Amino acid sequence: MSYPAAELPIPPEIAPERTLNAAQWGMASFLVSEVAFFSTLIVAYVTFLGRDVVGPLPAEALSLKLAFGTTLCLVASSIFIHFAEGALRRGNNASFKLLWAATIALGVAFLVGTAYEWHDLITEKHLTISRNLFGTTYYTLVGFHGLHVTVGVIAMSIILLLAARGAITKEHETGVQLVSWYWHFVDVVWIVVFLVVYVGAKGGSV
């Protein structure tokens with residue numbers, strides 16, 4: 001039995017396939033390699049944890065209160081950079097610059113907090129990178145993360161300077177997005193480090 005063409009169901013429109021562009025694939029590949037890198041450092045830290053014969057040990061040296069404060073800075077910075085990216089997408093350059101600057105400020109606050117912590121560890125707790133296994137693995141892990149934060153702050157500062165000159169608009173959304181991906185990754189890595197190193201230090205100094 002045949003039906004008039006007008007009565008036949010009309011199939012839905014086929015949505016175009018969404019995929020990453022070359023730059024996004026490149027950043028995604030880079031971040032995957034970074035996952036492997038930090039996973040190795042974290043595994044090394046956990047493997048040698050508790051094998052020291054000389055102190056100080058994590059519970060004696062680390063301050064959970066200070067680390068919690070620096071962690072809040074990074075978590076808040078991820079929120080600010082998310083809204084900054086959205087502001088740029090909407091063409092609101094003023095809000096973008098303000099939120100982007102706040103992200104940078106929080107990243108700098110994290111680095112200052114880390115520097116303060118390291119100064120205390122070295123001068124007061126006498127924990128150096130060669131003191132014991134804890135010192136070696138701790139400074140390597142946290143130090144490389146701090147290096148990544150520094151790179152992120154520099155990259156964001158360059159973008160802010162360009163935005164202040166009017167050279168960053170919503171047409172440059174992809175470049176800003178890639179920096180945002182990197183920053184979110186750095187923040188997620190720190191949350192893992194915070195849980196493993198600081199929260200994992202049972203009875204740590206607070």
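The residues of the chain are indexed from 1 along the displayed sequence. Just so we're clear, the structure is a prediction, and the values are computed from it rather than from any experiment.
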What is the minimum heavy-atom distance between Ala163 and Ile168, and which atoms define it?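 Looking at all heavy atoms of both residues, the closest pair is N-CG1, 3.6 Å.
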
Let's go through Val142 and Tyr45 carefully: what are the C-alpha distance in whole Å and the side-chain angles of both, what is the deciding distance for side chain to side chain contact (heavy atoms under 4.5 Å, CB included) to 0.1 Å, and is it a yes or a no? CA-CA 10 Å; Val142 177; Tyr45 176 85; over 6 Å; no

Donor-acceptor pair, side chain of [X] and main chain of [Y], under 3.5 angstrom:
| X | Y | result |
| --- | --- | --- |
| Arg51 | Leu133 | no |
| His145 | Val186 | yes |
| Asn132 | Gly135 | yes |

Between Trp100 and Phe80, is the ring centre distance below 6.0 Å?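 Centroid distance Trp100-Phe80: not below 6.0 Å, so no.
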
Can the ring centres of His148 and Phe185 be said to be less than 6.0 Å apart?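 For His148 and Phe185, the ring centres are not under 6.0 Å apart.
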
Trp183 vs Ser78, side chain to side chain donor-acceptor pair (under 3.5 Å): CA-CA, chis, key distance, verdict: CA-CA 7 Å; Trp183 192 252; Ser78 264; 4.9 Å; no

Does [X], at its [atom1] atom, have more than 12 non-hydrogen atoms belonging to other residues, nucleotides or ligands within less than 6.0 Å?
| X | atom1 | answer |
| --- | --- | --- |
| Phe38 | CZ | yes |
| Phe30 | CZ | yes |
| His184 | NE2 | yes |

For residues Leu49 and Pro58, determine if any side-chain heavy atom of one lies less than 4.5 Å from a side-chain heavy atom of the other.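 Leu49 vs Pro58: side chains touch.
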
Out of Phe37, Tyr138, Trp190, which one pairs with Phe144 under the ring-ring contact (aromatic ring centres under 6.0 Å, His included) rule?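 Exactly one candidate clears the test, Phe37.
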
